[in-house]
Amino acid sequence: MPLPSALPLPAIENLLSGGPDNLFNYLVLGALLFAAGIFAMVSRRNAVGILMGVELILNASGINFVAFARFGGHETGFHGYDGQIFALFIIVLAAAEAAVALALVLAVFQTHRTIEMDRVDELKM
Amino acid sequence: MGSLTGASGALLAARTMLATLLFWFIMILTVASAVMVVVARNILHSAFSLAVTFLGVAGLYIFLHADFLAAVQLIVYVGGIIVLVMFAIMFSAHTQEGTVEPPRSILALGAGAIVAGVVFAALAMLINRLQVPFHETTPRAQWQKLEGRLYVLQGNPHAPGAADQIKSLSAEIAALKKQEAYRTTVSAKPGEYALGHVLLGEYLLPFEVASILILAALVGAVVIVRKETR
């Protein structure tokens, strides 16, 4: 027989319990960073600016992983460190991605003398 | 004694208030600097704002009891990636505009605003709909609650279905106690110990694969930027 959930409260009241240091605030911050990163990726002309948007998005996902690891892990059978491990791997991936992407930026600059993505249009007729 | 507890209570309240203020300060700093990263016209200002954003995220990791991650964030992001970004900006700044980006077109700004707005709205709806009781809870609190129910059931063993419920509750309590025992062995030491235990135990294969990835990225970066010489 399935057990009823431990706390049958409505969502927001539940999330806001426990002062400002609660899951809701971290998730909203993560969403804001993610939206800012998307905006930078879509609208920036400078390739390095686009890369900064990607870094913002990766940070947003890291915040979400760690917040869920602290506030939500135990009921799903994880021991609360899985989220931190995932955030750690995200940082590793971000470092590798930044190294390769900045190398690409330099390679583009060497051939085109600019890193503005609007003007790097060699394939256009 | 009464004055003593009053003093410690006031101290606790002051500490809580200080932590709250610090939390909101870091939150606002992170969001404001992230916005600066996006809107600044000089790409160098963007890079400095990005460093502040990374510092803010490191502070939030400390608030989330992830001290090791905060240290890694500082070392890898602020100490590594920001420096790489600065290098890329400096190497590619030999154009007539320098580091200042020409104004973005209305089309690009509009498209960015629409996409970012839609993504944020979707995420906000998802956050608003979260139904799972996400709160800090320990296995001990859970099995104690379940044991209370088990006690009630055992007091009335002839009710319909009671035997099955007792069985499932007992199994659940045993699982929770096992989880608690694991967590106490792991968390008797600082959180970094537990993290290392998990990283080099359960997640050993991804850990090793990550080293191959970093090697590949390193070699790839060198191959991409090197000058053709023949």
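Chain letters run A, B, ... following the sequence lines, proteins first and then strands; every chain starts at 1. All of these numbers come straight from a predicted model, not from anything done at the bench.
For the set A:V100, A:I85, A:L88, the entry with the most heavy-atom pairs within less than 4.5 Å of chain B is A:I85. With chain B as the partner, the residue from A:G37, A:S43, A:G62, A:A96 showing the most heavy-atom pairs under 4.5 Å is A:S43. Ranking B:S105, B:G110, B:G112 against chain A, the residue ahead of the rest is B:G112, based on heavy-atom pairs under 4.5 Å. By number of non-hydrogen pairs under 4.5 angstrom with chain A, the leading residue of B:V118, B:L109, B:V222 is B:L109. Chain B forms more heavy-atom pairs under 4.5 Å with one residue of A:V48, A:I91, A:I38 than with any other, namely A:I91. Ranked by non-hydrogen atom pairs under 4.5 Å with chain A, the options B:V35, B:V37, B:I214 are led by B:V37. Contacts with chain B were tallied for A:V108, A:L106, A:V66; A:V66 has the most, counting heavy-atom pairs under 4.5 Å. The residue among B:V76, B:L213, B:L84, B:V72 with the most heavy atom pairs within less than 4.5 Å of chain A is B:L84. Most heavy-atom pairs under 4.5 Å with chain A: of the set B:P206, B:G117, B:G220, this distinction falls to B:P206.
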Steps toward side chain to side chain contact (heavy atoms under 4.5 Å, CB included) verdict (B:I43, A:R44):
CA-CA 10 Å; B:I43 203 77; A:R44 275 280 184 200; 4.2 Å; yes
A:I115 vs B:F91, side chain to side chain contact (heavy atoms under 4.5 Å, CB included): CA-CA, chis, key distance, verdict
CA-CA 11 Å; A:I115 54 168; B:F91 273 124; over 6 Å; no
Given B:I114 and A:V42, is the side chain to side chain contact (heavy atoms under 4.5 Å, CB included) satisfied, shown in steps?
CA-CA 10 Å; B:I114 288 171; A:V42 174; over 6 Å; no
Show which side-chain atoms of residues 49-57 of chain B pair as donor or acceptor with protein atoms under 3.5 Å away, not counting sequence neighbours.
unit_1, atom_1, unit_2, atom_2, d
B:S49, OG, B:H45, O, 3.0
B:T53, OG1, B:S33, OG, 2.8
B:T53, OG1, B:A34, N, 3.4
B:T53, OG1, B:S49, O, 3.0

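Both the backbone and the side chain of A:F39 have a heavy atom closer than 4.5 Å to some heavy atom of chain B. For A:Q110, the part lying near chain B is the side chain, with the backbone staying farther off; criterion is any non-hydrogen pair under 4.5 Å. With a 4.5 Å cut-off on non-hydrogen atoms, A:L104 touches chain B through its backbone and its side chain both. Using a 4.5 Å cut-off between heavy atoms, B:Y77 touches chain A through its side chain atoms alone. Looking at A:F65, there are no atoms closer than 4.5 Å to chain B (heavy atoms on both sides), in backbone or side chain. Both the backbone and the side chain of B:A47 come within contact range of chain A, each with at least one heavy atom under 4.5 Å from a heavy atom of that chain. Only the side chain of B:V119 comes within less than 4.5 Å of a heavy atom of chain A; its backbone N, CA, C and O stay farther away. Residue B:A111 touches chain A through both its backbone and its side chain, counting heavy-atom pairs closer than 4.5 Å. Using a 4.5 Å cut-off between heavy atoms, B:V115 touches chain A through backbone and side chain atoms alike. Within the 4.5 angstrom heavy-atom criterion, no atom of A:A60 approaches chain B.
Of all the heavy atoms in B:A210 and A:V92, the pair that sits closest is CB-CG1, 4.1 Å. Annotation for A:M52 and B:I89: closest pair CE-CD1, 4.1 Å, computed over non-hydrogen atoms. Contact record, A:L102 with B:A88: CD2-CB, 3.4 Å, taken as the closest heavy-atom pair. Nearest heavy atoms, B:L69 versus A:A87: CD1-CB, 3.6 Å.
The side-chain hydrogen bond (donor to acceptor under 3.5 Å, both in side chains) check on B:Q73 picks up A:N59, with sequence neighbours excluded.
Remark: the backbone N or O of B:P103 is paired with a side-chain donor or acceptor of A:R45 at under 3.5 angstrom.
Shown here is B:F120, whose CZ atom has more than 12 heavy atoms of other residues, nucleotides or ligands within 6.0 Å.
Rounded to the nearest 0.5 angstrom, B:H197 NE2 and A:Y81 OH are separated by 11.0 Å. Once rounded to the nearest 0.5 Å, the distance linking CD1 of B:I127 with CG of A:N64 reads 7.0 Å. Note that the CG atom of A:N46 and the CZ atom of B:R41 stand 12.0 Å from one another [nearest 0.5 Å]. Between the CG atom of B:L126 and the CG atom of A:L27 there is a distance of 10.0 Å, given to the nearest 0.5 Å. Note that CG of A:L56 and OG of B:S46 are 9.5 Å apart. Values are rounded to the nearest 0.5 Å. Considering CG of A:D82 and CG of B:L195, their distance stands at 10.0 Å, rounded to 0.5 Å.
Taking the six-membered ring for Trp and thresholds of 30 and 60 degrees, B:Y203 and A:F89 have ring planes inclined between 30 and 60 degrees apart.
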